[in-house]
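Please read the structure below before turning to the comments.
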There are 2 protein chains.
Amino acid sequence: MTTRWLTPKEQRAWRAYVAATSLVEDAIDRQLQQDAGMPHLYYSVLAMLSEAPERRLRMTDLAEVLKITRSRLTYAVARLEKDGMVRREACQYDKRGSLAILTDEGMATLERAAPGHVDTVRASLFDQLSEEQVEQLEAICSEIARGLQGDERAAADEVPWRRRASQPSVSGCT
Amino acid sequence: MTTRWLTPKEQRAWRAYVAATSLVEDAIDRQLQQDAGMPHLYYSVLAMLSEAPERRLRMTDLAEVLKITRSRLTYAVARLEKDGMVRREACQYDKRGSLAILTDEGMATLERAAPGHVDTVRASLFDQLSEEQVEQLEAICSEIARGLQGDERAAADEVPWRRRASQPSVSGCT
DNA sequence: TAGTTTTGTTTCAAACTTGAACCAAGCCCG
DNA sequence: CGGGCTTGGTTCAAGTTTGAAACAAAACTA
């Protein structure tokens with residue numbers, strides 16, 4: 001199998017993709033760092049927690065949602081905890097487990113940062129795209145994500161104290 | 001202006017986007033790290049140099065193409081130089097300038113890594129998408145990129161010894 | 001139930017990235 | 001010419017990310 005090189009069309013798409021995604025992440029990170037003193041990932045941690053029931057999530061679940069490694073999350077939460085945005089609690093049903101809990105201060109920070117963040121997301125992405133393209137983008141990204149994670153999910157929702165629920169907090173903190 | 005939150009559709013698109021891009025970068029980085037001992041960015045440095053006339057580019061130009069900061073590039077090239085993939089030379093027309101030059105070893109490494117990389121790009125992206133979606137993706141990403149860099153480019157191609165040219169080396173090392 | 005494997009999470013050291021500060025070398029203009 | 005501003009690049013310190021190794025509790029299994 002002598003390697004199926006990318007077609008010119010694919011090449012262009014790939015390069016555009018790499019450029020665009022890198023630019024977008026930079027823009028988002030910069031804004032968040034400026035206005036909230038934390039990088040995108042850290043903001044996402046707060047955002048996810050804010051939507052979780054009781055504003056708490058187990059480390060593994062959080063890592064799963066955010067699509068990052070446990071290790072990375074550990075460090076992120078450690079920093080957020082030091083800054084008072086998050087609190088930790090041992091999971092009483094599984095003594096190995098550890099819960100990350102959004103504090104009021106974390107919630108406040110999130111609410112303060114959300115508007116600017118949304119603006120940036122808009123400016124970076126949605127302002128440039130037609131409604132149709134937004135739909136296409138969603139479809140494309142969903143495909144890709146699905147392909148990259150075999151969908152070994154579907155589990156969870158099994159044990160009661162691990163149920164996934166939703167109770168949005170900051171409307172669309174993204 | 002009370003913040004225009006994202007519509008549900010936009011929310012979904014944004015979240016899918018964040019998840020997908022993060023997964024893709026991870027996959028690419030992992031593969032390249034495994035097979036070539038370097039992260040995606042470093043590979044891209046080699047790839048860009050391989051296409052440049054005489055396999056050389058000024059630091060600023062390289063940073064521009066790659067859409068990264070000069071600082072980041074300095075460190076990347078330093079590492080690649082230490083590993084013998086790249087050589088540096090002073091720019092004789094502008095004594096401030098510095099050229100990064102792909103060595104034969106760097107070229108060899110690139111050629112060795114390219115097939116696996118392309119496979120991963122395919123597996124991560126193109127295998128999941130229809131031809132139409134590939135086109136859509138390119139259009140979308142181009143829009144976004146254009147929006148995020150005001151296009152203060154168009155310059156360059158002015159000074160002869162800075163001309164951009166092309167003389168592809170590893171066919172589609174991406 | 002002891003031994004083994006798996007799962008949840010942290011820790012370590014090494015690598016990478018960041019933004020600001022810094023140093024030259026070009027440029028510009030009176 | 002002699003500042004002063006801009007441009008090309010590097011350096012610094014601090015922060016973040018990585019993958020592998022280490023732990024400990026839970027789940028199996030014989």
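Protein chains get the first letters and strands the later ones, always in sequence-line order, with residue 1 at the start of each. Computed from heavy atoms alone, side chains included, the values below leave out hydrogens, waters and symmetry copies.
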Between A:Q31 and A:D35, is any side-chain donor less than 3.5 angstrom from a side-chain acceptor?
yes
Is there a side-chain contact between B:E135 and A:K9 (heavy atoms, below 4.5 Å)?
yes
To the nearest Å, give me how far apart CD (B:E25) and P (D:dT16) are.
19 Å
With DNA chain D as reference, determine whether B:D26 or A:K95 sits nearer its 5' end, using the nearest nucleotide of each.
B:D26
Looking at B:E81 and B:R87, does any basic side-chain N land under 4.0 Å from a carboxylate oxygen?
no
Taking the nucleotide of DNA chain D with the nearest heavy atom to each, does A:S71 or B:S71 sit closer to the 5' end?
B:S71
How would you label the contact of B:T74 with the nucleic acid (heavy atoms, under 4.0 Å): base, sugar-phosphate, or nothing?
base
Below 4.0 Å: OP1/OP2 of D:dT16 and any side-chain N or O of A:R72
no
Donor-acceptor pair under 3.5 Å: do we get one between A:R96's side chain and the base of C:dT7?
yes
Nearest of D:dA13, D:dG8, C:dT9 to any side-chain atom of A:R70?
C:dT9
Reckon A:Y42 has a side-chain N or O less than 4.0 Å from the OP1 or OP2 of D:dT17?
yes
Salt bridge or not for A:R58 and A:D94, using N-O below 4.0 Å?
yes
